[in-house]
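Before any comments, here is the structure.
The sequence lines fix the lettering, A, B, ..., with proteins before strands; numbering per chain opens at 1. Keep in mind that what you see is a predicted model, and the values were worked out from it rather than measured.
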Amino acid sequence: MSHTDRIIVLVDMDCFYCQVEENLNPQFKGKPLAVVQYNTWRGGGIIAVNYPARDRGVTRHMRGDEAKRKCPEIELVHVPSVRDKADLTKYRDAGKLVAAVLQTFTPLLQRASVDEAYLDITDAVTERTNMATREIQRSEIKNTHVVGCEPLEFLYSLYSSGLCEDANLKLAYGAVIAEEIRAAVLQQTGYTCSAGIAHNKILAKLAAGLNKPNQQTVLPQSGVESLFQNLPLHKIRSLGGKFGHSLTEDLGITTMAELVKFSEKDLKKRYDEKTAIWLYNIARGIDLEPVTIRLVSKSIGCCKTFPGRSALITPQSVLHWIGELGAELVERLEKDLEENNRKARQVTVGFTHDVNGNDISTSRVHPLNSYNAKKITDDSYAIIKKLCLKADGTFCIKSISFNAGKFEDCRNVTAITSFFKSDGPYKTIRKMEASERVEILNTDIDEENYSNETVDLNEDATKLTFYKDNCENASDDSITDEIPTVEERSTKGSFFLQYFEDMKNCQHEPPVLRDFDTSRNLEDDDLLDTPGTSKDEDVPTELCEECHQSIPISEMMSHKDHHLALQIDKEEKLTRKSNVPTITIKAKENTKSKKRKCSDNRPNCTLTKFLQSTVKLQEENTQECPQCNRRIRKSDFDDHLDYHVAKELHMEINDIKLCSAANVPKTIKKSKTTKTVSKTRSVISFFKPS
DNA sequence: CATTTACAGACC
DNA sequence: GGTCTGTAA
């Protein structure tokens, strides 16, 4: 593993907000333009400047008035104001559009901001390298610069000497792909961008800024030394602020070249281990930080400042502004819910206020159970009132911020089942709404952790064999009769996929929270029976360690399955899967995972039941279900009706899950659940052999 | 009185 | 969980 193994691209949109405005109003193109927010004070603050305006000396940071003075013909476009506040929606949306294009090149995409993203294109580059039949042409990297040499020289060097430099060849293919990426972005969105191509994120970012706009720059490892010779420290990402400044102070240096002179030991004297190593490496152009897949932000927030005399004094003004902020937040959260299938569970309300002439910042969190602007506003006002309402009934608030976070996946589980291998790990299969994938949750009993695999049934047929093997090894001999053979699977495509297709078409219903008796075991807290007592004295029972209920011994295994399934469901150990193309295997800690003993007299492999439920019902002795109009075996009919109840119940559970933030009184969950349970009888019998 | 806003992460 | 800091556009 070498630090030159990866090929990283940083795509940076050129003066993005200006481009968005130019595309909306093409008459602006080619003319000086700046985007400003607020026009009340000196023509508003400039947040983006296009290149013609930059040529005239206009910069960010300036007020609109100042820009007009420098460049009288400049167009000043105002950020739309919604609720008396800058509304950046159209730029965020434009950014998403760009990200969607970038995503078609690699799943290893990390959005760094609204207009920047890192891509790890190592795999694509490797493929190109292996498939290559001829040398890379200059025409393939028309808009490319190379740090340290002319692009033609760079290409020539790749092929001239006998020893073909693998790292540089890969960078060259990286440049080819980056040109394609940028062409695709332009073609599909109308926006130009610049790009940096290097072996790591820091260098890619640095390179992208070297030639703009609408160009790209390769920074080979061999170009680092000369580039760093006179490179100010603050040009390196994360050294632009206080830390960079302290480096200058502490070490008496201003350029990267000077940083190289410090040994690891020197640096460790002054900084903690992590920082010292990072500095040591970065001085040599080495950075091992991975591109972490992230397409959506971890939090969504908005804020508003009230500088100087605009500070909020009256309760009315405070209420007004938290109302506006709350409305904006809810609007954005609802859009996020649509787009990303997730719900924020927490809001942080923060503010700065004046206490004896000092600015004091404070924040408090409160739970978020529904996207209700009024609720958020009321809760926030209660907090603010409590913390900074002065004795005379006034406030002195300089800024307010709302931030929503603690996102939870909120897709419904549409199917869940679990099974054992005779001496292997516990497995649960879960199918999520709006996904062609099933998850396999492997609970490794011995190590108390489980891995979470996501399998795309469209692409990976071998996983089905894997299921089958597990079942064949299990004690139940009948299993293999119930599972399609490999040949059958190949003619039908994916067996599971077919199953879920059928499910969609209502050929058969998913086994929902299978194999447990909801009348007794749905929620541990719902149980009304005294521990240790049994409903049916004739049946030998055992005390469940989980819920302290007496469970018939014959049902104990499935009862425990149920606890685990519920637990897994509750624990929300979902990783975001929608963007993972094929298979991800992710080791996870699961300290709460309960140990369960392995024994040889396992109950029938539950997977069999899962699969059995997919067998087409063509028998004569069937009856049509009034609820789903499907033909059901007469012998299964009662249980089938139970199934419908279970499905309802399942919906409720999913609903409850959505509302299960910490502050929801448990009694509510309980009563809601209990109500359904009371209607319910045995669900498991549907999946039991007749 | 004036950059404002957005977001992440570290520390306790 | 609360607060503060850092970063960057």
Side-chain angles (χ1 to χ4, degrees), chain A residues 10 12-20 34-49 59-67 78-79 81 84-89 91-92 95 110-117 202 205-206 208-209 212 234-247 272 274-275 289 292 294 296-312 325 328-329 332 336 344-354 357 359-367 383 387 396-407 662-663:
Chain A
L10 183 274
D12 186 0
M13 306 308 292
D14 304 320
C15 53
F16 191 44
Y17 291 8
C18 288
Q19 279 205 76
V20 172
V35 175
V36 293
Q37 57 181 357
Y38 306 134
N39 54 4
T40 49
W41 193 68
R42 297 196 191 170
I46 292 181
I47 56 175
V49 185
T59 63
R60 275 171 54 82
H61 232 86
M62 279 179 185
R63 307 302 305 189
D65 294 349
E66 212 178 336
H78 291 257
V79 176
S81 217
D84 295 323
K85 218 182 142 293
D87 179 32
L88 306 175
T89 308
Y91 311 117
R92 291 194 187 102
Q110 179 173 13
R111 288 193 73 192
S113 71
V114 69
D115 72 337
E116 271 188 5
I202 293 284
K205 167 82 178 166
L206 180 63
K212 298 178 91 172
H234 68 256
K235 298 282 183 186
I236 298 292
R237 190 193 65 182
S238 84
L239 298 185
K242 289 197 176 181
F243 181 52
H245 191 74
S246 76
L247 274 181
D272 64 67
K274 209 177 136 192
T275 310
E289 189 186 289
T292 48
R294 185 188 299 155
V296 291
S297 60
K298 292 178 180 175
S299 65
I300 291 176
C302 51
C303 63
K304 171 88 184 155
T305 54
F306 310 98
R309 213 161 290 157
S310 63
L312 305 182
L325 289 166
E328 179 185 336
L329 188 65
R332 286 173 60 193
D336 175 75
R345 286 286 157 229
Q346 188 180 66
V347 170
T348 306
V349 49
F351 55 88
T352 307
H353 65 146
D354 186 294
D359 283 358
I360 306 291
S361 297
T362 310
S363 71
R364 289 288 186 276
V365 298
H366 63 253
I383 288 170
L387 293 172
C396 189
I397 289 175
K398 306 272 192 75
S399 77
I400 301 180
S401 67
F402 280 18
N403 214 315
K406 290 226 188 315
F407 283 98
N663 75 323

Under 4.0 Å, counting only non-hydrogen atoms across every strand here, what does A/Arg332 touch: a base, just sugar-phosphate, or nothing? sugar-phosphate

So A/Lys298, base contact, sugar-phosphate only, or nothing? Heavy-atom distance under 4.0 Å. sugar-phosphate

For DNA chain B, which nucleotides open and close the run of contacts to chain A, 5' to 3', at under 4.0 angstrom from a non-hydrogen atom? B/dC1 to B/dG9

Partner residues of [X] under the side-chain contact (heavy atoms from CB on, under 4.5 Å) criterion, sequence neighbours left out:
X: A/Ser363; answer: A/Thr348
X: A/Asp14; answer: A/Gln19, A/Tyr51, A/Thr192, A/Ser194, A/Lys212, A/Pro213, A/Asn214
X: A/Thr275; answer: A/Phe243, A/Tyr271, A/Asp272, A/Leu279

Walking DNA chain B from its 5' end, the first of A/Gly301 and A/Arg309 to be reached, judged by nearest nucleotide, is A/Arg309

Ranking A/Gly45 and A/Lys85 by the position along DNA chain B of their nearest nucleotide, the one closer to 5' is A/Gly45

Would you say A/Ser297's side chain and A/Ser299's backbone share a donor-acceptor pair under 3.5 angstrom? yes

Sequence neighbours excluded, the answer for ring pair (Phe, Tyr, Trp, His ring centres under 6.0 Å) partners of A/Phe351 is A/His353

Going by the rule ring pair (Phe, Tyr, Trp, His ring centres under 6.0 Å), which residues pair with A/Phe407 if we only count those two or more places apart in sequence or in a different chain? none

C/dA9 to B/dA2 separation - P atoms, rounded to the nearest Å: 24 Å

The salt bridge (Lys or Arg N to Asp or Glu O under 4.0 Å) partners of A/Glu289 (sequence neighbours excluded) come to A/Lys201, A/Arg237

Applying salt bridge (Lys or Arg N to Asp or Glu O under 4.0 Å), can you list everything that pairs with A/Lys398, at least two apart in sequence or on another chain? A/Asp354, A/Asp359

Treating primed atoms plus P, OP1 and OP2 as sugar-phosphate and everything else as base, which nucleotides of nucleotides 2-9 of chain C get B, S or - for protein heavy atoms under 4.0 Å? SBS-SSSB

